[in-house]
Amino acid sequence: MALETAEKVATTDDAAPAVSFATDPTRYAHWHLSIDGVVATLTMDVDEHLGLRPGYAMKLNSYDLGVDIELHDAVQRLRFEHPEVACVIITSAKDRCFSAGANIGMLAQATHPWKVNFCKFTNETRLEIEDATANSGQTYIAAVNGAAAGGGYELALACDEILLIDDGSSAVSLPELPLLAVLPATGGLTRLGDKRHVRRDLADVFVTKSEGVKAPTALRWGLVDAAIARGQFDESVSARAASIAAQRSRPKAAPGVVLEPLAVSFGKDGIAYDHVSAVLDRSAGVVTLTIAGPADEAPNDAHEARSLGCKFWPLAVARELDDLILNLRTNELTLGTWVIRTAGDMRGVLDHDRFMLEHRETDWFVNEVELLVKRVLKRLDVTSRSLLASIEPGSCFGGLLLELALVCDEQFMLDGRMEDDERSAVIVVTESNLGVYPMGNALSRLESRFFGRASELDAVRVAVGDPLDAAAASELGLVTVIPDAIDWEDELRIALEQRTSFSPDALTAMEASLRFVGPETMESKIFGRLTAWQNWIFSRPNAIGPAGALRRYGSGQRAELSRERV
Amino acid sequence: MSLNADYTDRIPNNVDLRGDRRLQRALEAWQPRFMQWWRDLGPDLIARDVYLRTAISADRDGWAHFGHLPLEEYRWGIFLADREPDRRIPFGEHMGTEAWQQVPGEYRADLQRLLVVQGDTEPASVEQQRLLGFTAPSLYDLRNLFQVNVEEGRHLWAMVYLLHAFFGREGREQAEELLMRHSGSVDAPRILGAFNEPTRDWLAFFMFTYFTDRDGKFQLGTLAESGFDPLSRTCRFMLREEAHHMMVGTTGIDRVVRRTADLMREHDTDDIKRYGGIPLDIVQRYLNFHYSVSLDLFGGERSTNVANYFTAGLKGRWQEERRGDDHRLTDATAVVDVVVGGRIEQTAIPALTALNQDLRSEYFTDCNHGVRRWNRILEEAGVDQKLSLPHHGFNRRVGAFAGSSVTPGGALVDADAWARQQAEWLPTADDFDYVHSLMKPVFEPGRMAAWIAPPATGINGQPVDYEYVHLT
């Protein structure tokens with residue numbers, strides 16, 4: 001595998017991706033973001049004519065990927081640009097309608113991969129909302145001022161509190177099963193029990209009752225936290241938001257850090273950001289991602305980091321990598337194997353890593369960057385691509401960047417030196433790898449790797465801070481294969497050729513199963529159990545056959561369901 | 001099942017309520033709540049008694065009898081049209097199978113929703129009209145208002161009966177909520193927006209009974225086709241009562257137009273305000289408003305819900321059995337309007353999803369009869385001007401034209417141009433003030449307010465100057 005750097009990626013302007021995740025509040029078509037002191041309000045106001053694809057109208061605040069891309073952007077921006085905000089209200093601008101959930105016309109016409117990708121991204125965004133509430137001091141509450149159906153109610157479920165209008169008609173519902181023969185799979189089924197502790201039998205009634213339940217029952221069953229008369233609704237929501245904000249400890253006066261647009265160029269065979277680049281080998285079905293280490297010294301103090309803003313290396317890398325993952329995941333379905341490389345000065349990486357560890361608990365900005373890095377790594381964990389780490393001389397897998405190698409399904413590390421190169425490959429374990437960036441199963445990647453092997457994990461702990469060459473890393477179980485210079489190219493080539501010859505479906509299922517060992521969390525259940533079941537349903541004739549419920553939806557003809565239980 | 005109402009029961013009915021103790025108890029428990037609602041939100045003007053028609057049996061000849069009685073003593077009851085032996089479901093995928101006498105579990109939620117939405121409009125209109133009695137233009141009109149009100153109340157009973165009899169505990173809860181929501185209430189408004197505005201004057205009342213109640217007639221007509229037989233029979237009986245409400249609207253506008261035409265001819269001027277009449281342009285603006293908001297009640301041009309209801313056999317088309325097609329429509333298409341790139345165009349969509357449009361075009365034809373009738377009155381009076389229905393895209397908030405600015409003539413214009421001309425097309429604050437200034441009660445038998453002509457005949461063969469209402 002030849003070394004390639006970001007500069008080598010040929011780029012042209014006409015190769016822009018089919019779906020872009022870049023936006024900002026001035027460009028939102030479906031949301032209004034307003035900020036009043038410590039309380040922000042995100043108002044959903046979907047423009048039914050501005051779907052991402054033609055062929056469906058997004059009535060009643062139903063949504064598609066485009067709507068969720070804006071929500072993702074808003075949640076992200078609020079954390080960085082508005083540290084003063086301590087409570088975020090999600091509500092609707094529509095009359096008597098909060099949200100009707102994912103647009104069914106869109107789902108009906110979508111390909112299977114599109115549906116799966118869409119659900120994955122919406123799930124990630126719901127979890128970002130919960131992460132902001134849990135770790136950023138920004139508590140989300142849902143002001144459900146009208147009917148909330150399906151994904152609409154699931155969006156509310158992602159909030160810390162759900163305040164439902166009690167007007168004698170507005171209901172919350174999860175009608176997917178009775179109406180569409182699919183699941184409420186943006187976490188709805190999981191959160192009912194795991195988060196809101198709704199009794200199982202009542203949850204069963206709820207998800208089989210297409211019309212849902214109105215405020216008094218919803219409150220009694222634990223589906224919402226408050227039922228508020230229409231006349232008092234706005235006032236009560238504001239009061240609740242103010243009271244929540246008063247309890248949170250956000251740095252009220254701190255100026256925010258503006259997330260400037262990413263500089264990115266797209267070429268036929270590559271995508272290049274400032275620190276991150278991707279070379280697309282379409283004939284091989286392989287993408288090589290290269291993450292560059294920092295060019296500058298780590299800041300001296302948190303103030304300096306904040307003034308660097310979005311140029312602060314860990315933040316810049318995380319944003320670029322996040323955008324790249326989303327781009328590749330959405331727009332490059334046949335590139336099924338990603339090789340992850342790093343290139344740069346290990347010392348600079350470790351300095352930044354140390355800086356992050358030193359300030360993570362005392363500075364809101366460093367905390368936010370760390371949380372973003374955590375989320376980007378999690379996005380990789382649930383990405384349905386084979387991930388291989390290529391650890392070569394000149395790479396800088398240390399601390400937070402070592403996590404990128406640990407995300408991978410297998411790690412290849414060069415043993416010894418390449419011809420004409422004095423350097424050898426090393427990795428460095430730091431405190432960052434011991435729990436700072438947990439996976440969705442709440443374990444660190446090292447804990448997952450050495451699950452049930454405490455002594456091996458202890459041995460790694462002892463090696464914190466040491467530069468580990470291939471032999472040492474292999475000895476500690478941190479890498480999979482350590483070819484020498486003679487075998488390196490061939491080993492990697494054969495591994496890639498073999499990998500890309502397997503069934504992509506089987507690989508996706510196998511990798512997702514192996515990546516998450518040990519305990520379940522709400523998050524792992526959403527991406528594991530719930531998503532797997534939903535994706536199975538999404539490929540079954542009862543949902544997507546010519547007479548299936550999704551395909552027939554909107555035609556007025558009833559679905560023909562096979563009565564066979566599988 | 002007896003066709004004659006059993007008036008020895010507390011709740012008159014032809015559904016053998018005595019034979020179903022559970023249902024009888026449930027409805028007897030609901031009855032005092034209904035009466036409380038009537039006292040709280042029914043007509044504010046209290047009359048000693050009113051010359052009312054009361055249903056006593058459901059057969060063609062003697063389904064109503066007339067007599068003076070206090071409104072509160074009106075016998076709200078439960079009447080279904082006769083059961084047709086061996087009735088079959090006339091459309092949809094269950095076409096030809098026996099009509100359901102019980103709610104199929106699969107369609108419980110949909111049927112319940114249909115009943116609740118229909119049921120919610122009935123008491124809503126009573127609430128909207130509660131103050132009108134104080135400004136009635138004659139005792140004859142006051143009586144008609146009360147008749148409409150008590151029958152809307154009875155229509156509520158009809159829906160409540162179905163909810164109680166067939167939808168279990170949840171049906172009873174929904175029946176309760178029909179009395180909890182109130183027109184215009186901040187905390188619990190009626191379900192459909194149009195039913196949350198008060199009926200501000202008698203011209204609006206006539207327009208409402210002509211245009212908005214006519215939407216009700218067409219909705220009931222589609223439910224009368226339902227494969228759920230008790231709903232079908234209920235709606236067939238309600239349609240007979242609804243016909244009277246239409247009559248009140250039709251003849252009410254007749255009389256306004258006649259009076260206006262007479263004043264125009266007599267004084268040879270369009271400006272008849274000084275003679276206490278309602279100028280024709282105000283009538284046209286009221287008509288424009290009520291027609292356009294009533295069109296919205298039919299829903300969007302494309303509707304999945306209505307398609308599902310049809311396929312399921314829950315809600316048919318107007319006069320389904322007279323249609324010459326296959327009554328399934330699985331392969332049929334229909335043409336609907338769309339606004340594309342600043343132009344009104346037509347596009348073909350599956351006929352099943354275009355059923356709102358189908359019903360709306362039946363409604364349009366029916367509304368046009370009235371307009372022709374009023375124009376005949378104008379013509380006979382020697383007045384050149386004519387009334388007309390605005391284009392179906394005018395002033396719409398629902399469907400293909402929502403968000404577009406369409407003139408009454410059907411031209412698509414920009415929003416600013418539309419706003420500049422709005423005062424020519426929709427009632428203005430001045431119009432409302434002027435009509436409001438005419439709203440003075442006339443309670444002397446046989447006399448009419450100056451803005452309306454007397455009716456051609458009285459009620460049930462009684463003379464026009466009959467004392468239809470005893471106020472004290």
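Computed over heavy atoms, backbone and side chain alike; hydrogens, waters and symmetry mates excluded. First the proteins, then the strands, lettered A, B, ... as listed; each starts at 1.
At a 4.5 Å heavy-atom cutoff, the contact between D166(A) and chain B is made by backbone atoms alone. At a 4.5 Å heavy-atom cutoff, the contact between S185(B) and chain A is made by backbone atoms alone. Neither the backbone nor the side chain of R113(B) comes within contact range of chain A; no heavy atoms are under 4.5 Å apart. For E176(B), no part sits under 4.5 Å from any heavy atom of chain A, backbone or side chain.
E560(A) is not listed as a side-chain neighbour of E93(B), based on a closest heavy-atom distance of 4.5 Å or more. By the 4.5 Å heavy-atom criterion applied to side chains, Q174(B) and E211(A) are not counted as neighbours. Taking 4.5 Å as the limit, some side-chain heavy atom of D167(A) sits within range of a side-chain heavy atom of P189(B). Between R328(B) and Q557(A) there is no side-chain heavy-atom pair separated by less than 4.5 Å.
The heavy-atom pair separating E177(B) from G168(A) by the smallest distance is OE1-O, 3.7 Å. The two residues A229(A) and D187(B) have their closest heavy-atom pair at CB-OD1, 3.5 Å. I191(B) and R96(A) get closest at one heavy-atom pair: O-NH1, 3.0 Å. Among all heavy-atom pairs drawn from A307(B) and G556(A), the shortest one is CB-CA, 3.1 Å.
Atom CD of Q346(B) is surrounded by more than 12 heavy atoms from other residues, nucleotides or ligands within 6.0 Å. Counting non-hydrogen atoms of other residues, nucleotides and ligands closer than 6.0 Å to CZ of R302(B) gives a total of 12 or fewer.
Residue S169(A) holds its OG atom at 12.0 Å from CE of M180(B), rounded to the nearest 0.5 Å. To the nearest 0.5 Å, the span separating CG on L179(A) from CG on D110(B) amounts to 7.5 Å.
When atom types are taken as modelled, the side chain of R230(A) and the backbone of V186(B) share a donor-acceptor pair closer than 3.5 angstrom.
Under a 4.0 Å N-O distance rule, the pair K214(A)/E173(B) does not qualify as a salt bridge.
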